[in-house]
Amino acid sequence: MDETKHWADVIADNVAATGEKHIIATGITPSGNIHIGNLREVMTADGAHRALHNAGADAELIYIGDTFDPLRKVYPFLPDDYAEHVGKPLHAIPCPCGNCANYAEHYLMPFLKSLEELDIKPTVYRAHELYENGDFVPATIKALQNRDKIAAILETVSKRELPANWSPFNVLCESCGRITATEVAGFDDRRKTVDYTCDCGYAGTVPVKGNGKLTWRVDWASRWGILGVTIEPFGKDHATRGGSYDTGTRISREIYGREPPYPIIYEWIHLKGKGAMSSSTGVTVTITDMLQVMPPEVLRYLILKTKPEKHIDFDPSRIVELIDEYDRATGRARELSQTKRSLRSDIPFTHIVTALQIASDSDSFREVLRRSGYGALDLESVKMRVKNATNWLALYAPESVKFEVQETMPHDVEKLTPGQRTGLLQIASGISDDITASDLHDLVYGASEAAGISGSKMFQAIYIAILGKKSGPRAGYFMASLDRAFLLNRLNEAGRAR
Ligand SMILES: [Zn+2]
Ligand SMILES: [Zn+2]
């Protein structure tokens, strides 16, 4: 493998030889908030999709919402009365907020909207519609006819025993509306119907079309053929020995006579200090949340810069570093991260975060930027960054990054050493009208040497005098951003104080 190539280009190289049209499939069960852990799947697919396009291949990205899956339990974020809906398909359950078409749409819609912002444009399918359209009927009949063969594959490969009454098809009960409580009693492959009984006491015969779905492992293998899937990313849980990709591979070959898609196995995204993200445990950050605090291209970059097989540590309190890294980045990961609306930013995000905390309103923000050397900036281009920084400060910024310029002299100035005071006076005397941020930075080091104290003691003295705390933003830019008369006055007063 060419180590210098981006992983998405390597995948494109590996599959391009077939010369066929590529269908890259992704999907999710919309049972709860769709978070940035889930985004890894569709982002990985989009990376491969773009790389294939760049390589001149014919490729389509598809997204399947598993809207026909049942509600498994009353998740902690649901009201108790959802107990009556457990076992029903997600598209047939009322939405939690009361404003959406159904439960599945409640979680699917914000996700699809954020995909638009991220410039990901899949063809979207909803599983219950595919079943209702009859797309799964031939595959279902075949599965029912080959029930024993499929059961043998599942038992041999996954090393688990299936109950005697196991069927590859789960019937939707006409009476109680649950898809998890029925048992197939027989089928008629000419009339394409199934006979079933249900826990609720009901028994009946219904057409296969629209009245049930294949069990997960069979459903997955059959949709490869139905939708023509040639490439599919999936989480490492499906890639284990005897896992659903292994069983899917055999079912696909032996029952449906088709090669399985090229697999892209991806690792989890860990939320700093909380572990792998999961909708059911509530350890999540939603994509919508993240797009409040970073531009879409940076969220793309977070995922695309890492090989799928490596896990990603994500720490929302360190988004500033991520954005600054993106701004400095060159190369393929950044290129693949671009969106139509990506804007070049000429100002480090770190500095926007600092300037916002110095400024009291948008006029003074402009003035702060001008003082620190960003006067010629097209403010339109920093607008989104300002919105991101404002939200980040309010929601995720660690205390160590937050500060407030003290209007009156902080009490802790009394604790400054004689050396620190001398240093502050030295800095004040070196400040000229046209001094730049980097000159100020050098001036601080010069002053610490002249005063016989360490650089870090010198920086501490500056922060104590202006912020009333021992740490703060990068001193050169920070001091340059302040009102000059205020800065000189404060340094001199703090230097002279006893
Ligand atoms: Zn809703
Ligand atoms: Zn029933």
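Whatever order the structure lists them in is the order used to number ligands and atoms, beginning at 1.
Residue H106 approaches the Zn ion (ligand 1) most closely through its N/O/S atom ND1.
Using cut-offs of 30° and 60° on the angle between ring planes, the pair Y82 and Y103 is tilted.
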Between D66 and R223, is a salt bridge (charged side-chain N to carboxylate O under 4.0 Å, His left out) present by the stated rule, with each step listed? CA-CA 12 Å; D66 279 309; R223 73 165 64 156; 2.6 Å; yes
Pair Y63, F111 - check ring-ring contact (aromatic ring centres under 6.0 Å, His included), show working. CA-CA 11 Å; Y63 180 89; F111 175 69; 5.3 Å; yes
Any chance you could lay out the ring-ring contact (aromatic ring centres under 6.0 Å, His included) test for F234 and W220, step after step, and finish with the verdict? CA-CA 11 Å; F234 48 86; W220 197 27; 5.2 Å; yes
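For the pair SG of C100 and SG of C97, the angle whose vertex sits at the Zn ion (ligand 1) is 110° to 10 degrees. Our summary of the site lists the angle at the Zn ion (ligand 2) between SG of C173 and SG of C176 as 110°, to the nearest 10 degrees.
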